[in-house]
Amino acid sequence: MAPKKPLCLPALLLPLLTLLLPQAGTRSFVVDRENDRFLLDGAPFRYVSGSLHYFRVPRVLWADRLYKMRMSGLNTVQFYVPWNYHEPQPGVYNFNGSRDLFAFLNEASLANLLVILRPGPYICAEWDMGGLPAWLLQKSDIQLRTSDPAFLAAVDSWFKVLLPKLYPWLYHNGGNIISIQVENEYGSYRACDFSYMRHLAGLFRALLGDRILLFTTDGPEGLKCGSLQGLYTTVDFGPADNMTKIFGLLREYEPHGPLVNSEYYTGWLDYWGQNHSTRSILAVTKGLESMLKLGASVNMYMFHGGTNFGYWNGADEKGCFLPITTSYDYDAPISEAGDPTPKLFALRNVISEFQEIPLGPLPPPSPKMTLGPLTLQLDGDLLAFLDFLCPQGPISSILPMSFEAVKQDRGFVLYRTYLTYTVSEPTQFWVPNNGVHDRAYVMVDGVFQGVLERNMKHQLFLMGKVGAKLDILLENMGRLSFGSNSSDFKGLLEPPVLGQTVLSQWLMFPLKIDKLVKRWFPLQLKKRSHPQVPSGPTFYSTKFPILGEGGDTFLSLPGWTKGQVWINGFNLGRYWTKRGPQETLYVPRPLLFSRGALNKITLLELENVPPQPQVQFLDRPILNSTLHKTYIYSLSADTQGASEPMELSGH
Ligand SMILES: CCCC/N=C1\SC[C@@H]2[C@H](O)[C@H](O)[C@@H](O)CN12
């Protein structure tokens with residue numbers, strides 16, 4: 001869908017207006033180095049921009065969010081393009097539905113917003129593997145984000161599909177894209193491979209032409225390796241950073257031209273097991289005002305954060321492995337549910353001191369709905385549905401194979417072996433070299449034994465008779481998205497050890513859970529082999545009507561431990577009530593059927609089910625619950641068996 005032609009006007013007016021309106025040929029967005037500013041169609045221009053990630057918002061809500069950004073006084077929207085969201089397998093491309101990037105560009109145009117595009121190839125963004133496709137790791141020695149020919153070949157192939165599609169959307173071609181970022185904070189990556197950055201710059205120029213403004217973004221410590229001749233240098237920093245010092249550093253790379261903060265942090269990300277992050281309104285507004293007074297162009301990261309639906313969250317690693325939460329609310333000016341916050345109005349007031357903002361009110365918060373409690377029925381153990389979950393049958397190997405080796409990008413793989421001798425006493429069971437990536441739910445003959453967790457929980461004690469089935473459900477909790485100097489392989493990366501025995505002869509079952517849930521889960525129950533309260537990976541579900549119009553709502557799972565939720569077949573994301581700080585999951589109203597039609601909620605509880613298997617829907621989010629320290633294990637103490645809670649450090 002190419003950009004819209006100018007509005008249809010009465011024939012008599014058109015000749016006159018065409019003299020006034022810049023046509024594609026005269027449209028331009030350039031750096032005016034003499035006056036340290038941008039020029040848009042020859043006139044001085046400063047962008048006040050906000051980040052919104054289309055891949056974190058249901059398509060039906062894109063227009064609503066973009067409209068609110070425009071009404072907040074922004075003139076530009078900035079967003080990434082996650083490579084792994086659009087090329088699920090090598091050479092297979094998806095730009096449909098919620099992946100229709102061009103529909104999003106059009107919505108931005110309709111909202112009268114210019115666009116700053118950041119196609120990577122790496123984007124960070126707390127997104128799975130920083131946007132790089134997991135299938136790159138099928139070449140296990142690939143050197144990501146370098147001039148490794150294997151990596152560059154995949155990058156070239158992807159960009160030769162994507163960039164020509166973007167060409168008509170460039171501002172000077174009649175579209176709304178005013179600038180494009182090359183890579184992302186490359187200076188923070190250990191490789192510092194200038195051949196790689198030069199390759200990218202050459203590819204972007206070859207496919208986008210020489211008029212589009214190409215730029216880089218780095219933190220102050222990354223400018224040396226992240227900037228490149230021919231790419232406009234910009235920085236990122238938050239309200240607590242020293243703006244004068246950082247812009248001073250930037251001037252060493254861009255002595256002339258507008259000052260640009262490409263990521264001014266309005267809030268911050270959350271990790272499971274770490275306290276909820278916030279940034280104060282006063283600090284954020286003061287910092288914005290200072291930058292606008294300097295004439296800087298600013299992009300606020302995030303202006304609307306949205307949600308890591310499905311398995312799309314990324315992760316960080318600093319001693320502990322830190323998966324990002326399902327909510328990407330980011331304490332942003334527009335909340336995860338799309339509501340204007342006090343921070344938005346405060347920022348809007350600052351912007352109005354410097355430039356025109358659209359007249360009229362911001363839309364009010366969306367209607368919210370409460371519902372429940374709803375009691376869920378037991379559908380059965382995950383193991384009971386193995387034939388449906390892995391219809392092609394298992395892959396057999398002497399040693400366990402990684403997710404990448406069995407071509408399962410995200411979600412779950414079941415690993416199965418059989419005891420070749422009787423273990424009559426509780427015996428240490430562990431995986432060498434921290435080889436559980438990332439969480440393992442261990443069962444013996446279908447009976448849940450407990451959990452092993454990367455960097456956190458390294459051993460269990462098991463017993464079992466000869467021939468007993470040892471099942472390990474392995475959960476990929478999201479691939480490292482920042483600071484990872486190595487490839488984040490997933491699965492059982494080493495053969496487990498029971499006592500002194502290295503366990504071999506493994507069956508791997510890549511599980512297609514989403515396909516099964518979408519097909520409305522076969523509800524026939526398999527008789528449980530163990531009468532006790534269900535524990536271990538178990539499916540629950542129920543159906544429920546919404547009598548009125550309904551509204552946005554927030555799913556609360558009191559007493560549940562950890563798992564995955566689907567509503568009407570849509571993968572709402574991960575819950576981890578027992579770890580926090582997020583206790584509710586945002587449920588957008590458009591996911592729900594109303595006026596009495598039946599909705600269906602399906603849970604996969606991975607650990608322990610509450611005595612009352614109930615959930616409820618609240619009219620407000622809970623993202624800052626007290627962390628359940630007893631549930632968090634320390635790395636050092638655990639290898640000796642005991643485990644004390646520890647404070648987690650993060651970004
Ligand atoms: C001091 C940590 C710097 C790491 N950079 C971060 S953390 C939040 C944001 C997003 O990940 C964003 O995608 C990065 O470019 C910059 N950034």
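First listed ligand is number 1; within each ligand, the first listed atom is number 1.
No side-chain donor from either of Glu583 and Thr577 sits under 3.5 Å from a side-chain acceptor of the other.
The N/O atoms of Ile123, backbone and side chain alike, include one that comes under 3.5 Å of an N/O atom in ligand 1. Considering backbone and side-chain atoms together, Cys124 places no N or O closer than 3.5 Å to any N or O of ligand 1. For ligand 1, one of its N or O atoms has an N or O atom of Glu263 under 3.5 Å away. Note: no N/O pair closer than 3.5 Å links Trp268 and ligand 1 by distance alone.
If you number the atoms of ligand 1 from 1 as listed, the ones under 4.0 Å from a heavy atom of Leu269 come out as 7 (S), 8 (C). Ligand 1 places these atoms under 4.0 Å from at least one heavy atom of Asn184: 14 (C), 15 (O).
With sequence neighbours left out, Phe309 forms a ring-ring contact (aromatic ring centres under 6.0 Å, His included) with Phe570. In terms of the ring-ring contact (aromatic ring centres under 6.0 Å, His included) criterion, residue partners of Phe159 (sequence neighbours excluded) are, by chain and number, Phe204.
Nearest residue to atom 5 (N) of ligand 1 from His53, Glu185, Gln181, Glu126 is Glu185 (criterion: closest heavy atom).
A cation-pi arrangement is absent between Arg56 and Trp312, since the terminal nitrogen or guanidinium carbon is not both under 6.0 Å from the aromatic centre and inside a 45° cone about the axis.
Atom NZ of Lys139 sits in a crowded spot, with more than 12 heavy atoms from other residues, nucleotides or ligands closer than 6.0 Å.
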